[in-house]
S.K.: 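Got a structure here, written out as structure tokens. Questions coming.
In what follows, every chain begins at residue 1, and chains take the letters A, B, ... in the order their sequences are listed.
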Amino acid sequence: MLFLLCHSAELFVRDTQKNLHLQKPDLLIMRLWWWKILGGTLLLYTVIAGFLLPVPRLDILNETIRNLYFHVPMWFTMLALFGAGAAYSVKYLSSGNLVDDIYAVQFTNAGIFFSILGMLTGMEWARYTWGSFWSNDPKQLGTALSMLTYFAYSILRGGIKDDEKKARIGAVYNIFAFCMMIPLIFILPRMVDSLHPGNGGNPAFSKYDLDSDMRLVFYPAVAGWMLLGFWIATLSVRTQLLHFELEQKDIHQKDIQ
Amino acid sequence: MIKKLISISLFQLIFVINLNAQTDMADGLRSNGKIYVVVVVLATIFAGIFAFLVKLDRKISKLEKEKN
């Protein structure tokens, strides 16, 4: 949905700002303010309503059910960021433009950051509801494997010196890592019994999320965290783009000399 | 008779309260208003993070403009 939103905004921007000769629609969206403010407002609402609105009274979970507004959106954000990274990797492979590679790397890095947050919050939550930080739950294992494939992405890139080669191998590996993540997180854990809700064949959240009070906070929370994740990712994209352009300038000046 | 009714209704009242209190929730925190302290603290932290991001964003925008 977010992608569609971004895409429609991109088309809209392309139509209306033609005369403003601003280089690229991607760059333009990253400079827009409205979606950042929207994300901030949604998160402020999440913090306030997430603690004040009623939640179902469930044994063992008790008040920790409110973690749903904070732990689960980490994974949604990670998924969206990894998706964007994989999309830019595909784009890089077809265009060969190193700028696309910068987008792919920074989106993926932000995704890794959110996956670490999701893992840590999940372990903290598990300690007090399932009894221990790590209980070899299928979803925990699948997610850990997926995170390891993404850590390997950073290590792989770090090991290649040539920029073109690094970008190309990185892009191919990134697409592979994204394709691996889908079965590891979304399919395999659902085929076996798991401590996570919604496993063993059922779609997630059916038990908790059906509660209309929780939906009132959960959906805005997911949207808000996603927007914040994209904001953080685009900030590092813009920094890296500046860095890249400075480097190009340096090379150009050396050529002149 | 009235005494009996009162005792039954009292019993029912206690029973209903017990039903609600079966699962431990932070009712105490909510009834004495201290949950608002938590909300205010979290809102402050979030406002701080938001302000930091805005500052960073504006700094990068400035650099982008200077470059052109």
S.K.: Tell me, side chain or backbone of B:Val40 under 4.5 Å from chain A's heavy atoms, or both, or neither?
M.R.: neither

S.K.: Do A:Thr239 and B:Leu56 have side chains that approach each other closer than 4.5 Å (heavy atoms only, starting at C-beta)?
M.R.: no

S.K.: Report which part of A:Leu246 has an atom under 4.5 Å of a heavy atom belonging to chain B: side chain, backbone, both, or neither.
M.R.: neither

S.K.: If we check side chain to side chain contact (heavy atoms under 4.5 Å, CB included) with B:Phe46, which of these qualifies: A:Thr46, A:Ile48, A:Leu44?
M.R.: A:Leu44

S.K.: Identify the heavy atoms of A:Phe51 and B:Ile35 that sit nearest to each other, and give their distance.
M.R.: O-CG1, 4.1 Å

S.K.: Scan side-chain atoms only and decide if A:Trp33 and B:Asp57 contain a donor-acceptor pair under the 3.5 Å cut-off.
M.R.: no

S.K.: As an exercise, state the distance from CG of A:Leu58 to CE of B:Met25, rounded to the nearest 0.5 Å.
M.R.: 7.0 Å

S.K.: Under 4.5 Å from any heavy atom of chain B, what part of A:Lys249 do you find: side chain, backbone, both or neither?
M.R.: side chain

S.K.: Could you measure the distance from the CG atom of A:Leu235 to the CD1 atom of B:Ile60? Nearest 0.5 Å is fine.
M.R.: 4.5 Å

S.K.: Between B:Ile45, B:Val38, B:Ile49, B:Val54, which residue shows the highest count of heavy-atom pairs closer than 4.5 Å to chain A?
M.R.: B:Val54

S.K.: Heavy-atom distance under 4.5 Å to chain B: side chain of A:Leu43, backbone, both or neither?
M.R.: both

S.K.: Can you tell me if CZ on A:Arg127 sees more than 12 non-hydrogen neighbours from other groups inside 6.0 Å?
M.R.: yes

S.K.: As an exercise, state the distance from CZ of A:Arg31 to NZ of B:Lys65, rounded to the nearest 0.5 Å.
M.R.: 8.0 Å

S.K.: Taking all atoms of both residues into account, what is the closest heavy-atom pair of A:Arg238 and B:Ser61, and its distance?
M.R.: NH2-OG, 2.7 Å

S.K.: Any side-chain heavy atom of A:Met30 sitting closer than 4.5 Å to one from B:Glu64?
M.R.: no

S.K.: Output the distance between atom CG (A:Leu52) and atom OH (B:Tyr36), rounded to the nearest 0.5 Å.
M.R.: 5.5 Å

S.K.: Taking side chain as C-beta onward, heavy atoms only, is B:Asp27 less than 4.5 Å from A:Arg57?
M.R.: yes

